[in-house]
Number of protein chains: 2
Amino acid sequence: MYTNKESLIHFILKVVEISKSDAEEIAASFHPFKLREKEFLLKENQISDDYLYLKSGLMRTFLYNLKGEEITIDFFTEDNMVFEITSFFNRVHSEANIQAITPCTGFRISYKELNTLFHNKPAFRDFGRAILVKEFMASQKRNYGMINRTAKERYQNLLVNKPQILKYSPLKFIASYLGVTDSTLSRLRKNL
Amino acid sequence: MYTNKESLIHFILKVVEISKSDAEEIAASFHPFKLREKEFLLKENQISDDYLYLKSGLMRTFLYNLKGEEITIDFFTEDNMVFEITSFFNRVHSEANIQAITPCTGFRISYKELNTLFHNKPAFRDFGRAILVKEFMASQKRNYGMINRTAKERYQNLLVNKPQILKYSPLKFIASYLGVTDSTLSRLRKNL
DNA sequence: TAGTTTTTTTGCCTTTTGTCAAGTAAGTTT
DNA sequence: AAACTTACTTGACAAAAGGCAAAAAAACTA
């Protein structure tokens, strides 16, 4: 399997100020990883054991609302970390699913491996914290954007910030992610 | 100044599985802290240096939208941690403000103190991570709730989960937090 | 307490979004 | 290719929420 970790090393160095050799050591602990289109990384009720760097591809996390409809909670694009925080860090059964929309490749470690690194490698400590901070910030930003924008503005925003999603994801995933019905999104799109 | 840290020790033990003596040692590193009603913990453009355990009182974080209106992003209730993640962890100027709604008391540490603990005290490492995970989860949950509920449901949800807020916060803070206008919230409230 | 300011409520009307249902388009399977 | 399924679009109408302005209530100040 293809194991060139340049992209991961580059990603680590982008996220936290550590030496290149530290970054290489961290990357060395990750294992190659692959998913086919529509394949699941995590299904609800499982305990997640993947802390994943997504090198290429598009994924989404979703759950079911009270009516049994799929609600897409988040998209994961390439050159980002992917994990279900609650299940992975608290070792509890997941309420969410994580699914590949396109074929995906990347590198992963397990919870056990992460903890070993976390306690033994100060550089990884900083990396791990930086990732949590980064994702937390993204979640807060998303919150703000969802509350203070109309559906149309939210769509336009997505168009600018994550065009990959619009390109590869079916409309219905995007609609539930934006919190509107399929019909509404279809109409929004019509008015460019 | 009143420095009984029982509540903080209890909070730490609730969040992470460590020994009582570890929790006491962590708590010992925190310093007493007080804010008057309407006083600011953080103003926009400052670099936050407070990692705070709120023992009593109610706070909010807010920023200004494009029209110059205050948008309340989050409320902080007693027995929770308070910090502006972006500014505090990335040492950048804050876009947000944090303000006491009622008089507040608690215990705080600085960024420097946090880092010393983080690298020297394994138990604090786990605590720090658990807090980030906890807050991240809360943010995600809020996201989901904002998108898939009507304003009325969001209000009712707040009513059940954080009644303190409804008791002490003016309506307009709550309205912007829920993403509706003052008028709309006033009408929602009328229909109980 | 009278006057001032801020907060909350209400009415009227508009815009946004949802619901339901039907229709078209596209993708799979046999 | 025909049959079937899933995805997307569109129309007609209903409900949710916003904009604006004025009134009422509450909080603050001199």
Side-chain angles (χ1 to χ4, degrees), chain A residues 36-40 58 60 62 64-72 75 97 99-103 143-159 164-192, chain B residues 36-40 58 60 62 64-72 75 97 99-103 143-159 163 165-192:
Chain A
R36 268 174 254 120
E37 191 180 329
K38 291 182 187 167
E39 211 176 331
F40 283 78
L58 179 64
R60 66 165 184 142
F62 71 93
Y64 295 94
N65 67 10
L66 297 171
K67 295 179 199 157
E69 302 158 337
E70 286 184 7
I71 305 295
T72 295
F75 290 99
N97 305 270
Q99 184 186 26
I101 295 177
T102 67
N143 258 325
Y144 176 73
M146 291 304 303
I147 294 174
N148 302 300
R149 292 200 177 103
T150 64
K152 188 176 185 177
E153 291 169 324
R154 298 193 300 252
Y155 179 75
Q156 289 176 317
N157 186 54
L158 196 63
L159 199 67
Q164 316 99 298
I165 295 175
L166 303 228
K167 196 165 171 188
Y168 295 110
S169 168
L171 169 141
K172 60 176 184 166
F173 294 171
I174 300 169
S176 70
Y177 176 73
L178 293 177
V180 297
T181 58
D182 298 4
S183 328
T184 299
L185 180 54
S186 177
R187 287 183 182 109
L188 288 179
R189 212 150 59 154
K190 200 167 53 168
N191 321 358
L192 296 169
Chain B
R36 268 173 254 120
E37 190 180 330
K38 291 183 187 166
E39 211 175 332
F40 283 78
L58 178 65
R60 67 168 183 139
F62 70 93
Y64 296 94
N65 68 9
L66 298 170
K67 296 180 197 154
E69 301 158 338
E70 288 184 6
I71 305 293
T72 295
F75 290 99
N97 306 270
Q99 185 186 27
I101 296 177
T102 67
N143 258 323
Y144 177 75
M146 291 304 302
I147 294 175
N148 302 99
R149 294 202 176 100
T150 63
K152 188 176 183 177
E153 292 169 324
R154 299 194 299 256
Y155 178 75
Q156 290 176 318
N157 186 53
L158 196 64
L159 198 68
I165 295 176
L166 302 230
K167 196 166 171 187
Y168 295 110
S169 169
L171 169 141
K172 60 176 184 167
F173 294 170
I174 300 169
S176 70
Y177 175 72
L178 293 177
V180 297
T181 57
D182 299 4
S183 325
T184 298
L185 181 54
S186 177
R187 287 185 182 108
L188 289 179
R189 211 149 61 153
K190 200 168 51 169
N191 320 357
L192 294 169

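Numbers restart at 1 for each chain; the letters A, B, ... are given by sequence-line order, proteins then strands. This one's a predicted model, so the numbers in the text were calculated from it and none came from an experiment.
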Five-pair end axes of the helix from C:dT1-D:dA30 to C:dT30-D:dA1, angle between them (10°): 50°
Protein proximity profile, nucleotides 10-18 of chain C - base contact B, sugar-phosphate-only contact S, no contact -, cut-off 4.0 Å on heavy atoms: BBB----SS
Min side-chain heavy-atom separation A:Phe75-A:Ile101 under 4.5 Å: yes
For atom CG of B:Leu178 and atom P of D:dA17, their distance in whole Å: 11 Å
Check: A:Arg154 side chain, A:Arg149 main-chain N or O, donor-acceptor pair, under 3.5 Å: yes
Distance in angstrom units between B:Tyr155 OH and D:dA17 P, rounded: 14 Å
Atom-to-atom span, CD of B:Glu153 to C1' of D:dA17 - whole angstrom: 14 Å
Side-chain donor/acceptor of B:Gln99 to backbone N/O of B:Arg60, under 3.5 Å: no
Rounded distance in Å - CG (A:Leu171) to C1' (D:dT6): 13 Å
B:Tyr64 and B:Glu69, any side-chain heavy atoms less than 4.5 Å apart: no
Spatial distance of atom OG (A:Ser176) from atom CD1 (B:Ile147) [nearest 0.5 Å]: 8.5 Å
Flag side-chain contact, heavy atom, 4.5 Å: B:Leu171 against B:Asp182: yes
Nearest-angstrom distance from the residue atom CD1 of A:Ile174 to C1' of D:dA7: 12 Å
Interatomic distance, B:Ile147 CD1 vs D:dA17 P [rounded to whole Å]: 15 Å
Atom-pair distance (CD on B:Glu69; C1' on C:dT7), nearest Å: 15 Å
Distance in Å, A:Lys152 NZ paired with A:Arg189 CZ, rounded so as to fall on 0.5 Å steps: 14.5 Å
Euclidean distance, A:Tyr177 OH relative to A:Leu185 CG, rounded to 0.5 Å: 13.0 Å
